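Worth saying up front: this structure is predicted, and the values here are computed from it rather than measured. Note on naming: letters A, B, ... go to the chains in the order of the sequence lines (proteins, then strands), and numbering restarts at 1 for each one.
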Amino acid sequence: MIRFEPDRSQYPQPGDDGKIEIDLETGKYLKLWHGPNHPGITGNMSVELTLCGDEVVEGKTHVGYLHRGFEKLMERRTFIQVFPIVCRVCVPEPDFNEWCYAQAVEELAGIEAPEMAQWIRTLILEMGRFNSYMMAMGGIGGALGMGVIGQWMTYVRDLMLDRFEEMTGARIYHMFILPGGVRGHLPEGFSERMEEVLQTAERYLADVDKAMFTNAVFKARTKGVGVIDPALFEPYGVTGPNARAGGVAKDLRKDAPYLVYDQLEFEVVTETASDIWARARVRRRDIDVSIALIRQILAKMPKEGPVMAKLPNVLHWKIPRGETYVAGESSRGEYGYYLVTDGSGYPRRVNVRGPSYTHAMALLEHLIPGTNIADVAALMVSLHTYPPEIER
Amino acid sequence: MMRDLHDHLKTRYRLGDLAERRGNLAFVDVERADLRALLVELRDVHGFTHLSLLTAVDWIEEGRFQLTYLMNNRAANRTLGLRVFLDRADPVGDTIHDLWPTAATYQRELREMFGIAFPGSPRVDEEFILEGWTDMPPYRRDFDTLAYSQQTFSDREGRETHDPRSHMAKKLYPEGQR
């Protein structure tokens with residue numbers, strides 16, 4: 001493989017602290033805003049790049065374009081009124097918010113959801129993971145000039161949204177998981193229609209394997225690029241596929257099984273190179289795990305049973321003082337809700353721990369110096385970040 | 001499990017009682033002066049290498065802020081929440097960005113949203129989420145979101161607004177029964 005090696009003799013040299021002293025007056029540097037409106041940005045955020053030639057010498061993440069003060073708004077709503085807000089913290093994978101919040105409320109109120117509800121919740125979370133990965137695959141293809149991958153994946157995601165719609169009545173924000181259980185059973189014939197979707201998805205994913213992962217340009221632009229040293233994983237709070245691509249077999253579904261994951265068989269997907277390629281491969285292989293899990297859940301789940309525990313009157317629901325943290329493995333890593341109650345009818349404090357908070361801020365700012373300007377979009381997309389989690 | 005760890009640590013640090021939430025999750029009060037040494041010991045000796053989150057709770061009635069450091073030991077599947085209380089009148093926390101670089105982001109957010117100072121934390125005074133904000137830190141309990149939005153924005157013409165609690169009660173129980 002031929003690689004272009006630039007002449008680095010004219011580049012600025014870092015000082016003793018490893019940082020370059022940037023003086024814009026010298027004319028050697030250029031400020032470039034990557035986002036918030038840019039095809040290579042992941043959602044409504046921006047990275048303020050300082051360039052020297054075509055190399056990035058500094059990058060600062062800017063968020064705030066989407067801030068709606070969700071955590072504060074939740075403090076002014078009763079426990080049940082919070083639901084239309086939580087799902088909007090993450091558009092591509094909203095169900096994780098519903099489950100984490102519902103589970104936290106149940107813990108503090110001493111309620112347990114029935115077994116049937118646990119299975120349906122697990123199914124919903126895997127369907128949500130599948131959809132989130134569809135966007136990630138499309139994104140990584142799009143960032144490297146393969147727009148058609150995004151079109152295929154959007155089509156497949158839409159088929160899964162059809163299944164969400166028939167199950168919950170909504171496509172994006174479902175609000176199907178509530179404290180005490182879920183809102184209903186699966187519709188008649190749901191498994192058969194889901195199987196059709198999964199088979200269609202597998203056909204498209206086989207095409208993705210051929211079009212993307214055997215593509216010479218894709219390989220050249222992702223292998224050895226954007227490497228995260230595994231030593232950075234703990235200090236920078238790296239979790240999920242970003243850590244698994246560096247050989248760390250950590251997955252909360254296995255390490256701290258929640259819902260019915262302890263009754264399901266699946267492997268924790270890992271790669272070793274920790275570069276953009278490895279992160280894309282982990283996600284691609286994790287889609288297969290999700291597909292297998294959806295089939296397993298539909299085969300193993302009970303056929304009938306209650307889906308909702310008895311709740312107190314939700315208009316007058318007061319929860320005793322306490323605090324808890326509920327976390328699970330989302331498509332991007334550890335997703336958690338920290339809920340504090342004070343005995344009143346409103347949450348005292350809700351704090352969302354989204355994986356993008358660590359990945360798109362401290363980690364991205366650490367990784368970006370030295371990157372070629374053409375690789376910035378691929379690096380960002382490979383971290384699979386969703387800005388609303390950062391600024392809730 | 002958590003109790004053994006608590007008993008062990010209590011011999012050297014001023015810790016409060018252990019509040020166990022689940023078998024693998026517990027919370028404990030820590031003196032601010034002991035926090036750093038305790039975090040280092042938890043990380044280096046007891047395997048709590050992952051900082052799950054750092055956030056604050058405003059206990060305005062008690063005149064103090066609670067900082068919560070959620071420390072996670074993934075291998076042993078245990079999470080310990082450390083609670084540090086700061087005087088609400090002059091809230092100053094200790095930066096831990098040198099232990100976990102990602103903590104700098106949390107501290108920057110706490111500075112902006114709660115007005116808690118973290119001297120020495122990188123870029124802590126730079127705007128994070130808000131831009132040109134001059135009001136009180138908005139995540140404090142005494143910041144009234146409703147009053148703020150009423151002052152800042154105007155209602156659409158013809159909009160009807162109901163108090164959700166009384167409106168729903170009237171809708172669900174029109175004859176006043178509960």
Side-chain angles (χ1 to χ4, degrees), chain A residues 60-67 69 71-73 75-78 81 107-108 232-239 248 250-252 254-257 313-316 322-327 334 336 338 340 342 345 348-354 357-363 365-366 390-392, chain B residues 19 21-22 24-25 27 43 49-59 61 66 68 70 72 74-79 81 83 97-106 108-109 112-113 122-123 126-131 138-141 143-146 148-149 164-165 168-169 172-173 178:
Chain A
K60 286 183 180 177
T61 306
H62 290 273
V63 293
Y65 306 100
L66 272 174
H67 179 66
E71 292 178 355
K72 180 78 177 177
L73 291 175
E75 294 175 14
R76 289 185 63 92
R77 279 156 176 77
T78 61
Q81 284 175 334
E107 268 190 36
L108 292 174
L232 298 179
F233 289 164
E234 294 290 2
Y236 283 86
V238 182
T239 57
V248 177
K250 283 182 179 173
D251 187 326
L252 281 169
K254 280 270 190 228
D255 305 337
N313 181 340
V314 293
L315 289 179
H316 307 282
E323 59 193 308
T324 192
Y325 177 68
V326 171
E334 179 182 343
Y338 172 63
V340 183
D342 56 8
R348 182 69 183 210
R349 172 97 174 102
V350 187
N351 184 233
V352 185
R353 192 259 185 229
Y357 194 89
T358 51
H359 295 163
M361 297 294 303
L363 179 68
E365 289 179 357
H366 182 82
I390 305 170
E391 52 195 70
R392 294 104 49 217
Chain B
R21 172 51 57 189
R22 296 190 296 262
N24 60 0
L25 172 68
F27 293 88
R43 183 189 69 171
T49 49
H50 175 55
L51 174 71
S52 275
L53 64 85
L54 160 58
T55 191
V57 186
D58 183 0
W59 296 105
E61 311 86 336
Q66 169 189 328
T68 305
L70 271 181
N72 175 255
R74 189 64 85 87
N77 182 18
R78 285 193 283 177
T79 303
R83 295 185 292 218
H97 72 273
D98 51 332
L99 304 176
W100 287 273
T102 193
T105 315
Y106 290 103
R108 200 169 142 205
E109 183 182 352
E112 185 173 76
M113 291 300 189
R123 297 168 56 199
E126 283 182 29
E127 286 174 339
F128 178 44
I129 290 166
L130 308 174
E131 198 174 68
Y139 275 18
R140 290 188 174 201
R141 292 289 287 187
F143 177 76
D144 189 340
T145 48
L146 188 61
Y148 174 79
S149 64
R165 186 172 285 260
M168 285 308 289
L172 289 171
Y173 312 108
R178 288 288 159 93

Is chain A contacted by the side chain of [X], its backbone, both, or neither, given a heavy-atom distance below 4.5 Å?
X: B/Pro122; answer: neither
X: B/Ala56; answer: backbone
X: B/Asp58; answer: backbone
X: B/Tyr139; answer: both
X: B/Arg140; answer: backbone

Given heavy-atom pairs under 4.5 angstrom as the criterion, report whether the side chain, backbone, both or neither of [X] touches chain B.
X: A/Val340; answer: side chain
X: A/Glu365; answer: side chain
X: A/Leu108; answer: both
X: A/Gln81; answer: side chain
X: A/Leu363; answer: neither
X: A/Leu66; answer: neither

So, for [X] and [Y], which heavy atoms are closest and what is the spacing to 0.1 Å?
X: A/Arg76; Y: B/Thr145; answer: CD-OG1, 2.7 Å
X: A/Gly237; Y: B/Thr102; answer: N-CG2, 4.3 Å
X: B/Arg21; Y: A/Thr324; answer: CG-OG1, 3.3 Å
X: B/Pro101; Y: A/Ala362; answer: O-CB, 4.4 Å

Pairs of heavy atoms under 4.5 Å with chain A: top-ranked of [options]:
options: B/Glu131, B/Glu127, B/Arg22, B/Met168; answer: B/Arg22
options: B/Glu109, B/His50, B/Arg165, B/Arg141; answer: B/Arg141
options: B/Asn77, B/Asn24, B/Asn72, B/Thr79; answer: B/Asn77

Using a strict threshold of under 4.0 Å (side-chain N to carboxylate O), is an ion pair present between A/Glu234 and B/Arg43? no

Would you compute the distance between atom [atom1] of [X] and atom [atom2] of [Y] and round it to the nearest 0.5 angstrom?
X: B/Arg123; Y: A/Lys60; atom1: CZ; atom2: NZ; value: 5.0 Å
X: A/Arg353; Y: B/Ser52; atom1: CZ; atom2: OG; value: 5.5 Å
X: B/Tyr173; Y: A/Asn313; atom1: OH; atom2: CG; value: 4.0 Å
X: A/Met361; Y: B/Thr105; atom1: CE; atom2: OG1; value: 5.0 Å
X: A/Tyr338; Y: B/Thr68; atom1: OH; atom2: OG1; value: 3.0 Å

Looking at A/Thr78, A/Leu252, A/Val238, A/Thr239, which one has more heavy-atom pairs under 4.5 Å with chain B than the rest? A/Leu252

Any idea which of A/Glu391, A/Lys250, A/Arg348 has the most non-hydrogen atom pairs under 4.5 angstrom with chain B? A/Arg348

If we ignore hydrogens and angles and just use 3.5 Å, is the side chain of B/Arg74 paired with the main-chain N or O of A/Asp255 as donor and acceptor? no

Pair B/Thr55-A/Arg349, side-chain donor/acceptor within less than 3.5 Å: yes

Assign the ring pair B/Phe128 / A/Tyr357 to parallel, tilted or perpendicular, where the plane angle (0 to 90°) is split at 30° and 60°. perpendicular

